[in-house]
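Whatever order the structure lists them in is the order used to number ligands and atoms, beginning at 1. The figures that follow rest on heavy atoms only: side chains count, while hydrogens, waters and symmetry mates do not.
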Amino acid sequence: MTRPAQRAVELREEIARHSEAYFVRDEPNIADADYDELVRELREIEREHPEFASEESQRVGAPASAVFSSVHHAEAMLSLDNVFDVEELRAWSERVIKGLDATGRWSAKPLEFCVEPKIDGLALSITYRAGRLVQAATRGDGSVGEDVTDNVRTIANVPHELGGALGSFEVRGEVFLAKADFEQLNANQRALGAKVFANARNAAAGSLRQKDPAVSASRPLSFLAYQLVDLGGDLSLATHRAVLAQLADWGFLVAPETHIASGAPEMIAASTWFEEHRHDLSYEIDGTVIKLDDLAFRAALGSTSRAPRWAIARKFPPEERTTRLLAIEVSIGRTGRATPYAVLEPVLVAGSRVAMATLHNEDQVREKDVRPGDLVIVRKAGDVIPEVVGAVGVADEVRGPAWHFPHSCPECGGGLRRRDEESDTYCVNPACPAQQMQKIVHFASRGALDIEGLGEQRVAQLLAQGLIGDVADLFGLHHEVLASLEGFGELSAQSLIAAINAAKEAPLSRILVGLGIRHVGPVAARELARHFATYEALAQARLEDLEAVEGIGPIIAQSVYEYARDDESRERMIRMTRAGVVLREPLVTSLTTTLQGRAVVVTGSIEGFTREEAAEAIVERGGTSPGSVSAKTYCVVVGEAPGTSKLSRAREVGVPLISGEYFVELLETGSWSATLE
Ligand code: IVH
């Protein structure tokens, strides 16, 4: 066999294996995006070498299993062709125009499109006769599906009767679990000690394809309708939007976010809107589906055996990929928290290269049962840091031994202890060098004292040389000593000393953030600093004085109270004062004006702020915090794991990008000292 012929055979085998796992067992052993890539490669070979094409690969989905009886679809349930970026989407719309031109039915008006969310669930067709629900079937292989009527009857938002409809119809759409319902379901499963689902789609599929309808009934499934097959011919609707209106009228849920777009640029903008707002929707989407609105145009274009020509799926950059888990390691943070993380074979997820992903804590590793050597799904969605969703295809592989949380700290060898009733494990050695280092790195970070030139490497070096052991030691560093160290020159020593000296004048609120007092983030730090103005006054405050401060609850108050009375911290503050650190909050200009009338878009997560707190802080200062970027946006604040579409839009329209580390400065002053690019 020639190379491409052999590759086509391999691909077909691999695809068949994955489809069986996905469609029949509801246990995918590969991330969707990786599956799509295999299909794409096969189609490519078949296009270039039609002689190797097989009937088989034109099939959609997988054959029905033996558990349910078979249903022959009156009209095939087709799949959709995919595109992966705006260029391909434009090319598709041009093909549509060409196709319509050829039929002579189209008069060069802007084409109307319906742009819908591509819901990540499973396709379902529900048959109604004389207005009554008589049958429901999964897609199966496109022509024969599984009879899931009894289960579908238990889905709360599926109408059992269509008021006033006498003909026969199939209503097609997607069965899915809303994000909140999925979380709830998994919480229940966890409480019952039952299987936790890897994602909402799997959970929906597993819940629908139950032998016992009572089990389906206990799962919070929803159905969203997007297609009507008229079997009796007594409705004469001319457009897709009229179909959607009819479906809504009968009581079906239709996507409220559906955009009607006139012409390709509007259609592309609408599709991009979904990409920007995908995390704001109440259900998971993995792209948008764009459909011609005019049903006569659709008929004129027709379909291939696999997919219609009048619709296309635009898939978003995948947020999940499959890769190999090389090792599980534990990192120690500044509070001593020991976080397990996965070392991965690097993979591109949501547009960036991921080589490490968090595993959160001991319970998560156990629950996900991931082991070094496993193939795992890595997820990076919107603002969250990359995480390992779970292992895939474990049944097919010889696995290594289960991983156990170490008993001693990988950094200092001291004990690791898990506190009662908590899921986190801590290194209990206060002298642990990793903790010391992270404390100092945090103190110098942009969110705190912003001491330029004092990153992880430098801190490690100064610690190793015995020049510092605590943040207070930074203020006693001498330029001559620094200049003599490896990697330092006269100039870098001077500029580090200058940055440290500048930090002496920093507002008290930043020092409070830098000290890393438990529960004290930037917002609490600012409130406390404003209220007490000096560290001395803060340290002398009684517990009730602290609690009386606006925005300070009993937990924060207690933590600050204890910190101020701790011997080590008292000594630290005395040494800092002696070294000339001011420890005072300057009087601020009115809080209400710094962002008056300005639109600040935040993307990614910003240390010390939840998404809501960041928006609130902007609004408090007179600004607005919209979800998308336009030419009028004042600036875009870029946190950890930012959304790629907001970034590219900001670049497109020339809006300044500011690192999340400058967010507090932006709030305080209304401007920033550096942009990202
Ligand atoms: S229309 C002939 N619209 O995506 C057209 N499908 O990858 C059939 N899907 O099989 C599908 N959201 O399960 C359509 N708004 C939407 C959709 C949607 C999700 C699913 C559906 C389909 C698959 C194709």
Side-chain angles (χ1 to χ4, degrees), residues 15 19 22-23 26 28 32-33 35-37 39-40 43 58-62 73-84 92 96 113-126 136-143 145-146 148 170-178 200-202 204-205 208-209 221-230 240-241 243-244 247-248 252-261 267 270-271 274-275 278 281-293 295 297-299 301-316 318:
I15 290 167
S19 317
Y22 182 90
F23 289 107
D26 295 328
D32 286 5
Y35 179 85
D36 285 349
E37 219 165 86
V39 173
R40 243 189 171 205
R43 296 249 153 81
Q58 299 301 316
R59 236 184 36 203
V60 180
H73 297 299
E75 196 176 282
M77 286 184 82
L78 298 181
S79 183
L80 292 169
D81 284 331
N82 293 326
V83 295
F84 295 88
W92 169 77
V96 166
F113 301 94
C114 285
V115 183
E116 300 178 355
K118 185 172 189 312
I119 295 135
D120 205 5
L122 64 156
L124 183 77
S125 184
I126 314 177
T138 62
R139 184 172 67 183
D141 68 0
S143 55
E146 294 167 320
V148 286
E170 276 186 33
V171 175
R172 292 181 177 176
E174 205 79 355
V175 174
F176 67 100
L177 277 163
R201 204 213 83 94
N202 281 346
L208 181 69
R209 300 175 69 256
L221 290 168
S222 302
F223 176 72
L224 183 140
Y226 49 65
Q227 201 184 353
L228 181 61
V229 181
D230 189 340
H240 184 59
R241 74 183 88 164
V243 167
L244 294 177
L247 290 168
F252 289 97
L253 168 67
V254 296
E257 301 87 2
T258 298
H259 284 45
I260 312 279
M267 173 271 280
S271 162
F274 276 105
E275 188 175 8
R278 70 185 288 190
L281 303 181
S282 60
Y283 44 80
E284 296 279 356
I285 65 172
D286 60 352
T288 53
V289 181
I290 298 106
K291 301 170 178 173
L292 273 191
D293 187 41
L295 301 187
F297 286 172
R298 287 191 185 184
L301 283 179
S303 305
T304 67
S305 60
R306 211 191 77 83
R309 294 192 186 87
W310 45 262
I312 195 88
R314 176 193 172 190
K315 291 259 202 149
F316 296 148

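For the side chain to side chain contact (heavy atoms under 4.5 Å, CB included) criterion with Glu170, the lone passing option out of Val229, Ile126, Asp230, Leu228 is Val229.
Nearest-residue assignment for atom 4 (O) of ligand 1 (options Arg172, Lys118, Arg298, Glu174; heavy-atom criterion): Lys118. Closest to atom 1 (S) of ligand 1 by heavy atom, among Lys291, Gln227, Arg306, is Lys291.
Among all protein heavy atoms, the one lying closest to atom 12 (N) of ligand 1 is Ile119 N, 3.1 Å. Among all protein heavy atoms, the one lying closest to atom 14 (C) of ligand 1 is Tyr226 CE1, 3.3 Å.
Using cut-offs of 30° and 60° for the angle between ring planes, the Tyr283 and Phe176 rings count as perpendicular.
Distance check: Thr288 OG1 to Arg314 CZ gives 6.0 Å after rounding to the nearest 0.5 Å. Annotation: the span from Tyr226 atom OH to Glu174 atom CD amounts to 4.0 Å, rounded to 0.5 Å. Rounding to the nearest 0.5 Å places CD1 of Ile290 at 4.5 Å from OG of Ser271.
When each atom of ligand 1 is checked for a heavy atom of Ala123 under 4.0 Å away, the hits are 13 (O). For ligand 1 and Pro308, the ligand atoms under 4.0 Å from any heavy atom of the residue are 2 (C). Those atoms of ligand 1 with a heavy atom of Glu116 less than 4.0 angstrom away are 3 (N), 15 (N), 16 (C). Residue Arg139 has at least one heavy-atom neighbour below 4.0 Å for each of these atoms of ligand 1: 10 (O), 22 (C). Counting atoms of ligand 1 from 1 in the listed order, those under 4.0 Å from a heavy atom of Leu80 are 5 (C), 6 (N), 24 (C).
Ion pairing between Arg306 and Asp81 holds under the 4.0 Å rule for side-chain N and carboxylate O. Using a 4.0 Å cut-off between a side-chain N of Lys or Arg and a carboxylate O of Asp or Glu, Arg201 and Asp120 do not qualify as a salt bridge.
A side-chain donor-acceptor contact under 3.5 Å links Arg309 to the backbone of Leu301.
At least one heavy atom of Pro117 sits closer than 4.0 Å to an atom of ligand 1. Heavy atoms of Met77 come nearer than 4.0 angstrom to ligand 1 in no pair at all.
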